[in-house]
Amino acid sequence: MSSSLIGRRLGKYEIIELIGQGGMATVYKGYQPDIDRFVAVKVLPPHPGQDRMFIERFRLEARTIAQLQHPHILPMHDYGGDADVLYLVMAYVNGGSLKDRIERGPLPLHDAETILRQIASALDYAHRRGVIHRDIKPDNILLDEEGHALLADFGIVKIMEGESTSGLTATGGVLGTPAYMAPEQSQGMSTGPQADIYSLGVIVYEMITGRQPYQADTPMQVMLKHITDPVPSPLEVSAGLPSALEPVMLRVLAKHPEDRYGSATEFAQEFLRAIHRDSSSFTLKESLPTKESVPTTPPQRTPTPESAMPVMIQNPSASGTGPQTAAVASGTNPLLLLGGFAIIALLAVIIVLLVVNGNPRTAGIAAIPTATAVPATLTATLEPTAVIAAGPTVPAIKSFGRLSYTTTNQLGDTINLQVNGLAQPSSTVEYAVWLKNTGDDSVLPIGVLSLDGLGNGVHSFVDDEGRALPTLFNAVLITAESEVGDAPSGKVVYSGSTPDRVRAALSEIFVASDQGFSGGSLFGGALAEAELSIIHTSFDHGTHDTFGLHNRTEHTMNILMNTEIDYDGNGLAENPGYKLGLRYFLDGIEARLNFDYSLPGMRPDLRSDVDRVEACIRNTRQRLDEMYALETGWAKITEDVTEAFAESEIRKSEGMIKDLIEGVDRNSNNQVEGFFGECGLRQIPTYGLLVGSLTIVEGDLTA
């Protein structure tokens with residue numbers, strides 16, 4: 001399918017431009033004029049069997065995808081056919097893909113954990129509904145403007161394979177992307193949820209190391225490595241990773257499906273515990289895949305009587321490390337198709353291993369009967385009673401959604417509640433939502449929560465008084481009410497809560513604090529000092545004499561650093577600021593966010609939200625240090641400055657204070673994100689509100 005569809009109309013959608021093209025579909029940016037919105041139109045390539053049965057299968061699968069309503073699954077708006085063109089209409093997301101983010105280098109662990117947690121939730125939701133993705137890869141994980149991950153392309157592989165839960169049949173091959181395919185998927189075996197979990201593990205490996213675990217010159221060689229080669233240690237690929245991550249990654253990338261995690265969420269929880277070193281007590285023996293999970297010979301299956309088709313590789317000349325899409329005949333083992341190539345390749349590996357005295361790192365390769373399945377870096381610690389240092393046991397708690405805070409008119413005056421999989425209320429009651437302060441038991445009615453047939457719902461609320469809601473309430477209740485009044489009276493069916501110390505910290509940071517300027521908030525004081533310094537940073541921009549330059553430095557740096565230094569030599573050490581300094585307020589904010597995450601009631605992902613705020617604080621400190629070095633360097637200048645100096649050096653200082661306050665969009669994606677090097681002072685409220693977010697669980701956490 002080429003860009004010839006541009007300018008054409010498919011149904012009610014005008015095709016505007018080509019977004020991307022792959023082996024399974026071509027994606028266009030479309031426009032829906034009746035409701036004035038942009039959409040993504042995914043067009044399937046012409047199919048040789050595009051007869052009535054194929055079209056019916058397409059419709060059945062499209063309806064299945066449309067029922068996947070989850071906060072981290074890309075919504076599907078519509079589907080249809082126009083002459084020989086079948087298409088799906090999805091939400092248009094312009095924040096790029098996870099692939100784009102990985103190409104900039106490995107992700108910080110807390111960012112990788114956040115994306116993993118979101119996609120794991122989406123996968124488990126789909127798996128519970130009998131839908132397997134089968135092409136999990138960074139290209140299919142989109143990031144919206146707020147950095148939230150959205151899993152895309154659900155069902156495309158299933159449609160192309162010709163499988164259907166309706167009993168309709170068709171011939172075809174197993175589709176996927178070699179770099180991310182599970183061993184059983186590469187061999188054309190039946191795939192289940194564990195295949196998606198394996199692919200997710202490959203993505204996480206790539207997020208934290210910057211590279212895929214298996215690389216080769218051709219896609220088929222990559223597939224063979226997934227089947228036969230041991231998992232390369234992520235600790236050897238990327239120095240500095242927590243040692244507790246090794247058994248987690250080995251288990252999720254186990255060769256046999258039954259040796260992997262039972263769910264994507266279980267994998268995400270173990271990953272979180274590993275990076276925070278608070279995992280429950282478990283031995284390496286229990287966490288590592290068993291010896292049988294790295295087979296001495298590739299797993300086999302009984303060939304089906306269906307006719308074998310030759311292996312098809314999309315873009316066969318491309319590097320095996322890229323996201324090529326492979327289609328393998330469903331009745332054929334690719335090892336047989338490789339024939340002499342596979343045998344020669346394996347013999348070559350064996351010869352190399354014999355030469356180097358059998359390095360145990362490669363011990364899982366086929367035809368080495370005495371090999372060990374465990375990487376060499378772990379053999380020294382594999383004692384029967386070896387236990388990784390651990391904190392208290394963290395039980396797995398099923399999440400039913402999330403409540404987060406944003407800003408409409410005033411900071412934190414808006415809540416956004418998203419729930420999924422809730423039990424339907426009986427016909428005599430309805431679900432009511434309340435915010436609660438567990439300290440004084442005060443409540444705020446939010447409204448009635450409506451659910452669709454799958455138990456999913458979205459509810460928004462804007463406070464009429466413009467209050468910062470996460471500084472007033474630390475819990476949410478969802479109650480079953482026969483009649484909704486001013487206070488909850490029915491049973492609490494679902495809830496979310498965080499310790500009151502989190503609410504109190506946000507209150508001091510964004511509303512009022514004894515350590516704020518005149519009792520104001522800590523953030524307000526930081527912003528006031530920074531904005532006052534802007535006035536003096538820009539003061540006398542056109543000056544060409546040393547006195548004016550030194551006077552400008554004196555005012556600017558004394559305000560920001562809360563010093564009283566006579567830079568201009570007039571005998572007066574002037575500080576026209578609030579006499580507290582920017583560092584004072586940054587220290588205060590950071591101190592309030594220094595939580596003990598092991599305490600009861602702390603949600604597991606709170607650390608990652610706090611990390612974003614701390615990234616903004618670190619960026620602000622660094623820019624302040626750079627500005628201080630530049631400005632105070634001018635104090636040594638004794639001759640009058642030139643116009644060129646004023647235009648370059650003074651402008652540089654003005655840019656620094658602007659970046660300090662506003663942040664920097666370093667990756668040019670039209671948003672300043674909560675990463676090191678990007679966000680600044682102005683983004684602290686944006687990510688600070690996330691600290692007050694609440695995870696929805698079953699029952700009453702506040703009881």
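The shown structure was predicted, so the numbers you read here are calculated from the model rather than taken from an experiment. In what follows, every heavy atom counts, from backbone to side chain, and hydrogens, waters and symmetry copies are set aside.
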Requested in this report: Could you tell me the separation between the CZ atom of F473 and the CZ atom of R467, rounded to the nearest 0.5 Å?
Outcome: 5.5 Å
Query - Under 3.5 Å: donor-acceptor pair, side chain of Y584, backbone of Q515 - result: yes
Requested in this report: Taking atom types as modelled, find out whether S426 and T428 have a side-chain donor-acceptor pair closer than 3.5 angstrom.
Outcome: yes
**Report entry** Interatomic spacing from CZ in F676 to SG in C616 - rounded to 0.5 Å
**Finding:** 11.5 Å
Query raised in the report: Between E266 and R251, does at least one N-O distance fall below 4.0 Å, as a salt bridge requires?
Result: yes
Requested in this report: Tell me, please, which residues at least two apart from Y79 pass side chain to side chain contact (heavy atoms under 4.5 Å, CB included).
Outcome: F58, R59, A62, R63, M76, L88
Report task. Mark yes or no for whether Q185, through its side chain, and R134, through its backbone, hold a donor-acceptor pair below 3.5 Å. Result -> yes
Report summary line: Sorted by chain and number, sequence neighbours left out, side chain to side chain contact (heavy atoms under 4.5 Å, CB included) with D596 holds for S598, L599
For residues 414-423, run the donor-acceptor check on the side chains, cut-off 3.5 Å, and write out each pair with its distance to 0.1 Å, sequence neighbours left out.
residue : atom : partner : partner atom : Å
T414    : OG1  : T408    : N            : 3.4
T414    : OG1  : T408    : OG1          : 2.5
N416    : OD1  : S460    : OG           : 3.0
N416    : ND2  : T406    : OG1          : 3.2

Report task. Using a 4.5 Å cut-off on heavy atoms from C-beta on, say whether the side chain of L444 contacts that of D463. Result -> yes
Query - Side chain to side chain, V252 and L200, heavy atoms closer than 4.5 Å - result: no
Query raised in the report: Should L109 and L245 count as side-chain neighbours, where that means a heavy-atom distance under 4.5 Å?
Result: yes
Requested in this report: Keeping the roles fixed (side chain from Q683, backbone from G680), state whether a donor-acceptor pair exists under 3.5 Å.
Outcome: yes
Requested in this report: Over 60° means perpendicular and under 30° means parallel, so classify the ring planes of H70 and H72, tilted if in between.
Outcome: tilted
Query raised in the report: Would you say R260's side chain and A254's backbone share a donor-acceptor pair under 3.5 angstrom?
Result: yes
Requested in this report: Rounded to the nearest 0.5 Å, what's the gap from CD on Q194 to CD on E184? Could you check?
Outcome: 8.5 Å
Requested in this report: Taking the side chain as every heavy atom from C-beta outward, state whether F267 and T265 have any atom pair closer than 4.5 Å.
Outcome: no
Report summary line: Residue pairs meeting salt bridge (Lys or Arg N to Asp or Glu O under 4.0 Å), one or both in residues 191-203, sequence neighbours left out, come to none
Query raised in the report: For S521 and F510, which heavy atoms make the closest approach, and how far apart are they?
Result: CB-C, 3.4 Å
Query raised in the report: Do R621 and E590 pass the salt bridge (charged side-chain N to carboxylate O under 4.0 Å, His left out) test, and can you show the C-alpha distance, the side-chain angles, and the key distance before you say yes or no?
Result: CA-CA 12 Å; R621 291 185 190 278; E590 209 159 28; 2.9 Å; yes
Query raised in the report: Could R612 and D111 be called an ion pair, given the rule that one side-chain N must be under 4.0 Å from one carboxylate O?
Result: yes
Requested in this report: Carefully, step by step, assess D153 and H133 under the rule side chain to side chain contact (heavy atoms under 4.5 Å, CB included).
Outcome: CA-CA 8 Å; D153 277 359; H133 192 292; 4.2 Å; yes
Exercise answer: donor-acceptor pairs, residues 687-696 side-chain atoms, under 3.5 Å, sequence neighbours excluded:
residue : atom : partner : partner atom : Å
Y687    : OH   : V672    : O            : 3.4
Y687    : OH   : G674    : N            : 2.7
S693    : OG   : R402    : NH2          : 3.3
S693    : OG   : L690    : O            : 2.9

Query raised in the report: Can you name the ring-ring contact (aromatic ring centres under 6.0 Å, His included) partners of Y198, sequence neighbours left out?
Result: H226
Query raised in the report: Has the side chain of T407 got a donor or acceptor atom that lies under 3.5 Å from a matching backbone atom of G412?
Result: yes
Requested in this report: Please round to the nearest 0.5 Å and tell me the distance separating atom CD1 of I115 and atom CG of L107.
Outcome: 5.0 Å
Query - Test side chain to side chain contact (heavy atoms under 4.5 Å, CB included) applied to A152 - qualifying residues, sequence neighbours left out - result: L74, L142
**Report entry** 4.5 Å side-chain heavy-atom contact, S199 and K137
**Finding:** no
Report task. For the pair N456 and Y125, evaluate side-chain hydrogen bond (donor to acceptor under 3.5 Å, both in side chains) and give the outcome as yes or no after the intermediate values. Result -> CA-CA 11 Å; N456 306 326; Y125 167 84; 3.1 Å; yes
Report task. Among residues two or more places apart or on two chains, list those pairs meeting salt bridge (Lys or Arg N to Asp or Glu O under 4.0 Å) that have a residue in residues 678-695. Result -> E531-R682, E662-R682
Query raised in the report: How many angstroms lie between atom CD1 of I275 and atom NE2 of H110, to the nearest 0.5 angstrom?
Result: 9.0 Å
Query raised in the report: Would R128 and D124 pass as an ion pair if we require N to O under 4.0 Å?
Result: no
Query raised in the report: So, the side chain of N619 versus the backbone of A615: is there a donor-acceptor pair under 3.5 Å, distance only?
Result: yes
Requested in this report: Spell out, as yes or no, whether a donor-acceptor pair under 3.5 Å connects the side chain of S121 to the backbone of R117.
Outcome: no
Query - With sequence neighbours excluded, residues passing side chain to side chain contact (heavy atoms under 4.5 Å, CB included) with P445 - result: W434
Query raised in the report: Does T438 offer a backbone N or O that forms a donor-acceptor pair with the side chain of D500 under 3.5 Å?
Result: no
**Report entry** Flag side-chain contact, heavy atom, 4.5 Å: R503 against T498
**Finding:** no
Query - Qualifying residue, where the test is side chain to side chain contact (heavy atoms under 4.5 Å, CB included) with K436 and the options are T702, V476, N474 - result: T702
Query raised in the report: Listed by chain and number, what are the ring-ring contact (aromatic ring centres under 6.0 Å, His included) partners of Y205, not counting sequence neighbours?
Result: none
Query raised in the report: Charged N to carboxylate O below 4.0 Å: is that the case for E614 and R607?
Result: yes
Query raised in the report: Which is it for H148 and L143 under the side chain to side chain contact (heavy atoms under 4.5 Å, CB included) test, yes or no, and what are the steps along the way?
Result: CA-CA 5 Å; H148 299 144; L143 303 176; over 6 Å; no
Query raised in the report: Checking side-chain hydrogen bond (donor to acceptor under 3.5 Å, both in side chains) for the pair E481/S489: CA distance, chi angles, key distance, verdict?
Result: CA-CA 7 Å; E481 305 284 348; S489 59; 2.8 Å; yes
Query - Which residues share a ring-ring contact (aromatic ring centres under 6.0 Å, His included) with Y494, sequence neighbours left out - result: F400
Query raised in the report: Looking at V443 and P488, what are the two nearest heavy atoms and their distance?
Result: CG2-CD, 4.0 Å
Query raised in the report: Do the side chains of T114 and D605 get nearer than 4.5 Å, heavy atoms only?
Result: no
Query raised in the report: Does H459 reach the main-chain N or O of I446 with its side chain, forming a donor-acceptor pair under 3.5 Å?
Result: yes
Query - Exam field: side chain S495 to backbone L701, donor-acceptor pair closer than 3.5 Å - result: yes
Query raised in the report: Taking atom OG of S507 and atom CG of L472, what is their separation to the nearest 0.5 Å?
Result: 7.0 Å
Query raised in the report: Does any non-hydrogen side-chain atom of L98 lie less than 4.5 Å from one of I119?
Result: no
Report task. Report the residues that fulfil ring-ring contact (aromatic ring centres under 6.0 Å, His included) with F38, sequence neighbours left out, ordered by chain and then residue number. Result -> Y31
